[in-house]
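The structure appears below as structure tokens.
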Amino acid sequence: MSYDDVEIEDMEWNEKLKAFTYPCPCGDLFQITKEDLKIGEEIAYCPSCSLYITVIYNMEDFLGDNNTQPSKPISVA
């Protein structure tokens, strides 16, 4: 079960991580990339703990973006 359901509008784009982020209670950040969103992924993971959130978004908003490099979550804590 996910820790929370979060609207994509409530997340912040982190240019350094190239990912949408949301604060995790452990002090790190939940992360999900545009590439993940384009393929239908809706789970943003925290790289520092076992928590994850469900991201609520419209997949069509991400289909026009052609930057498709896979990336891994980076710990920021």
Side-chain angles (χ1 to χ4, degrees):
M1 176 182 220
S2 94
Y3 170 74
D4 201 0
D5 294 342
V6 178
E7 299 272 350
I8 192 74
E9 293 85 5
D10 294 331
M11 299 181 79
E12 291 187 22
W13 175 252
N14 184 309
E15 189 63 35
K16 179 181 173 186
L17 299 175
K18 299 289 186 199
F20 288 95
T21 62
Y22 191 78
C24 180
C26 79
D28 205 344
L29 298 169
F30 295 107
Q31 303 171 32
I32 192 166
T33 66
K34 288 181 182 179
E35 293 77 27
D36 291 336
L37 295 168
K38 285 192 334 187
I39 62 170
E41 180 63 61
E42 61 183 22
I43 301 297
Y45 295 93
C46 176
S48 296
C49 73
S50 62
L51 294 178
Y52 60 92
I53 57 173
T54 301
V55 179
I56 301 167
Y57 72 104
N58 183 352
M59 188 174 174
E60 294 171 358
D61 293 342
F62 294 91
L63 292 179
D65 187 359
N66 290 328
N67 182 12
T68 57
Q69 296 176 340
S71 61
K72 292 178 65 176
I74 301 168
S75 178
V76 294

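All values derive from a computational prediction rather than experimental measurement.
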Check whether Asp4 reaches the backbone of Val6 with its side chain - one donor and one acceptor, N or O, closer than 3.5 Å. no

With a 4.5 Å heavy-atom cut-off, do Pro25 and Leu51 have their side chains touching? yes

When every non-hydrogen atom of Ile43 is compared with those of Ile32, the smallest separation belongs to O-CD1, 3.5 Å

Side chain Tyr45, main chain Phe30, donor-acceptor under 3.5 Å: no

Test item: Glu7 side-chain N/O and Glu9 main-chain N/O as donor-acceptor pair under 3.5 Å: no

Minimum heavy-atom distance Pro47-Gln31, with the two atoms named: CG-NE2, 3.4 Å

Go through Leu29 and Met11 one step at a time and tell me if the side-chain contact (heavy atoms from CB on, under 4.5 Å) criterion holds. CA-CA 10 Å; Leu29 298 169; Met11 299 181 79; over 6 Å; no

Please tell me if the side chains of Ser48 and Cys24 come closer than 4.5 Å, counting only heavy atoms from C-beta onward. no

If every non-hydrogen atom of Glu41 is compared with every non-hydrogen atom of Tyr57, which pair is closest and at what distance? O-OH, 3.1 Å

Are Thr33 and Lys18 side-chain neighbours, meaning at least one heavy-atom pair lies under 4.5 Å? no

Keeping Thr21 on the side-chain end and Asn14 on the backbone end, is there a donor-acceptor pair under 3.5 Å? no

When you compare the side chain of Glu42 with that of Ile8, does any pair of heavy atoms fall below 4.5 Å? no

Exercise: identify the closest heavy-atom pair between Met59 and Gly40: CE-N, 3.6 Å

Residues, nucleotides or ligands: over 12 heavy atoms within 6.0 Å of Tyr3 OH: no

Apply ring pair (Phe, Tyr, Trp, His ring centres under 6.0 Å) to Phe20 and list each qualifying residue two or more places apart in sequence or on a separate chain. Trp13, Phe62

Cys46 vs Asp28, test: side-chain contact (heavy atoms from CB on, under 4.5 Å). Steps then yes/no. CA-CA 7 Å; Cys46 176; Asp28 205 344; 3.7 Å; yes

